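First comes the structure, then the notes that go with it.
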Amino acid sequence: MLKVSASDRQLTTHLVAPSKDSKPPENLTSNEPNHLQILKKCTHLIQFKQVHAHIIKTPLHQADTHLSKLIQALAGSAHLPYARLVLDQITEPSTFAFNTMIKGYGTNNLGDKGIDLYIQMRYQGLNPDNFTYPYLLKACNGLKQGKGIHSLVVKNERFSSGIYFLTSLITFYCSFGDVESARLVFDRMPEKNVVTWTGIIKGYVMQKRYKEGIELFYQMKNSGVEINELTLVCVLSACANLGALEIGKWVHEYTDRKKIFLNPKLGAALIDMYAKCGHIDKASQVFQTLPCKGVYVWNAMIGGLAMHGFGIEAIDRFMGMQGYGIKPDGITLIAVLSACSHSGLVVKGKEIFHSMRKDYEIEPTIKHYGCFVDLLCRAGLLNEAYEIIINMPMEPNGVLWGTLLNACTATANIELAEAAMEQLMVLEPFNDGNYVLISNIYAAKNRWDDVARIRKVLKDKQIVRNPGHSLIEVDNIVHEFMAGDGRHPCSEEIYDMLEKIAITLKE
DNA sequence: ATAGGGTTAG
């Protein structure tokens with residue numbers, strides 16, 4: 001149902017029926033009505049229609065420009081069919097009108113319609129301008145389409161060297177995971193700005209190619225281009241995932257030195273970096289000093305506490321944020337549930353999971369189910385976890401079954417392990433870890449023919465076992481370790497220490 | 001009217 005607020009109503013009455021004795025609003029009576037001003041306030045279709053009615057009463061030579069602006073406003077408010085209607089009625093639509101319409105389609109997941117419209121525009125003999133292609137790239141929903149536009153522009157158009165076009169091309173390639181193509185574009189650009197650099201760095205970080213991302217950041221710094229908050233967020237994310245504490249610290253100092261404002265997103269990235277690099281105390285300290293703590297900041301803090309096993313503290317912050325009037329979102333709940341899971345807070349975790357919808361108006365997603373299943377599994381409640389998985393409102397994915405399979409190793413629960421493995425063979429047929437787990441469970445029960453059977457499956461599917469490895473940075477040097485690895489110069493000391501830790505843990 | 005962001009279960 002259409003809900004019209006008081007201010008909307010006021011607007012509508014002005015437009016519909018200015019009463020005879022009251023003074024009508026100036027902008028509608030003058031010869032040059034400022035529809036743009038009014039359009040900014042419109043939200044509901046009916047209001048747009050009122051403006052439309054007014055525009056078509058104005059002289060024709062003005063009408064087209066105003067109609068273009070109407071299309072822009074309509075498309076910007078996702079009223080696409082009506083926007084299209086207006087576009088189709090314009091006698092001589094401008095490139096601008098088509099551009100905004102294409103943009104509207106692109107940002108509302110109707111890219112195909114945007115591309116169709118581009119084709120129509122060219123058939124009508126209308127030339128694109130330098131705004132057209134960035135919008136068109138946004139309308140692409142696959143690599144092939146974008147490559148088509150890339151080659152089209154390179155071959156035929158004179159917009160092939162604009163920084164906006166090339167930067168949106170980089171973003172486009174990165175968003176579809178093709179960093180290599182993005183890099184080719186990037187390397188050819190004679191001039192790059194902060195958006196260009198940040199775009200390519202983000203592309204590498206999204207592909208988990210953190211080292212290359214940081215390498216590019218160094219190059220960016222040398223090139224003398226401006227570095228801003230968004231750049232640093234990407235770099236910090238790379239640091240967090242690499243455990244590159246020293247670089248992360250450098251970024252922190254840099255924000256200090258350059259007086260870069262720690263906005264909530266940058267603050268969250270800093271907290272996350274410190275937490276993932278093992279310095280939860282430092283993360284907490286950053287949290288305290290942040291001038292504005294949005295939901296992102298609380299999420300990063302709660303998530304950090306969760307991964308360090310500080311479940312009670314995480315729940316404290318969870319209550320704390322609500323005390324400050326910050327509404328938890330879906331991510332908050334994931335962080336809180338994982339805190340319960342990592343700290344064995346089973347009762348609390350169950351309570352929170354079951355109250356999500358009621359207390360926080362958050363519909364549980366598969367990730368929430370994932371945390372909850374993890375919680376039950378870690379608590380040894382395997383059957384309960386299994387029941388949840390098979391009764392979930394959505395299709396369970398490999399993570400869910402993998403969690404259960406992993407939990408089955410502790411007690412060598414063959415029945416549930418086989419049920420999980422059956423699903424995983426379909427969902428993740430090439431995940432070597434799953435085969436190793438099930439094989440270990442069979443081995444624990446001395447079922448050697450089953451072990452051999454799994455080994456044969458591995459061989460038949462030509463699955464390469466990918467040994468797990470970890471990275472840690474000490475004094476600016478990144479050290480890499482694999483299971484059973486003896487290559488490190490301090491290998492002997494490391495294994496000694498591991499043994500000591502194992503003994504302490506057993507105690 | 002053009003290009004860009006963080007946290008997320010095994």
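Note that the structure is a prediction, hence the values are computed from the model and not measured. Reckoned from all heavy atoms, side chains included, excluding hydrogens, waters and symmetry mates. Chain identifiers are assigned alphabetically (A, B, ...) following the order of the sequence lines, protein sequences preceding nucleic acid strands; residue numbering begins at 1 within each chain.
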Where along [range] does a heavy atom fall under 4.0 Å from DNA chain B?
range                       : value
residues 170-198 of chain A : A:Thr171, A:Asn193, A:Val194, A:Val195, A:Thr198
residues 298-315 of chain A : A:Asn299
residues 361-379 of chain A : A:Ile366, A:Lys367, A:Gly370, A:Cys371, A:Asp374, A:Arg378
residues 317-325 of chain A : none

May I ask you to say whether [X] pairs ionically with [Y], meaning some side-chain N is under 4.0 Å from a carboxylate O?
X        : Y        : value
A:Arg183 : A:Glu215 : no
A:Glu229 : A:Lys265 : no
A:Glu157 : A:Arg122 : yes

- Would you please classify the geometry between the A:Tyr274 ring and the A:His279 ring as parallel, tilted or perpendicular, with 30° and 60° separating the classes? tilted
Answer with base, sugar-phosphate or nothing: what part of the nucleic acid does [X] contact at a heavy-atom distance below 4.0 Å?
X        : result
A:Gly398 : base
A:Asp329 : nothing
A:Ser168 : sugar-phosphate

- Message: When you measure only distances, ignoring hydrogens and angles, does the side chain of A:Glu428 come within 3.5 Å of the base of B:dG10 through a donor and an acceptor?
- Response: yes
- Without hydrogens or angle criteria, can the side chains of A:Tyr118 and A:Tyr133 be said to hold a donor-acceptor pair below 3.5 Å? yes
- Could you work out which one of B:dT2, B:dG4, B:dG10 sits closest to the side chain of A:Pro134? B:dT2
- Query: How long is the line joining CG of A:Asn406 and C1' of B:dG10, in whole Å?
  - Reply: 6 Å
- Would A:Phe159 and A:Phe165 satisfy ring-ring contact (aromatic ring centres under 6.0 Å, His included), going step by step from the backbone distance to the final call? CA-CA 7 Å; A:Phe159 309 109; A:Phe165 170 67; 8.6 Å; no
- Message: The test is side chain to side chain donor-acceptor pair (under 3.5 Å); show your working for A:Ser341 and A:Asp374 and say whether it passes.
- Response: CA-CA 7 Å; A:Ser341 169; A:Asp374 186 46; 2.8 Å; yes
- Task: Would you indicate, yes or no, if B:dT7 has its OP1 or OP2 atom less than 4.0 angstrom from a side-chain nitrogen or oxygen of A:Lys265?
- Result: no
- Note on the structure: Correct closest heavy-atom pair for A:Asn397 and A:Leu427 would be C-CD1, 3.8 Å
- Query: Hey, is the main chain of A:Ile227 close enough, under 3.5 Å, to the side chain of A:Thr231 for a donor-acceptor pair?
  - Reply: no
- Query: Which residue pairs pass the ring pair (Phe, Tyr, Trp, His ring centres under 6.0 Å) test when at least one of the two sits in residues 380-435 of chain A, sequence neighbours left out?
  - Reply: none
- Enumerate the residue pairs fulfilling ring pair (Phe, Tyr, Trp, His ring centres under 6.0 Å) with a member in residues 305-352 of chain A, sequence neighbours excluded, ordered by first and then second residue. A:Trp298-A:Tyr324, A:Phe318-A:Tyr360
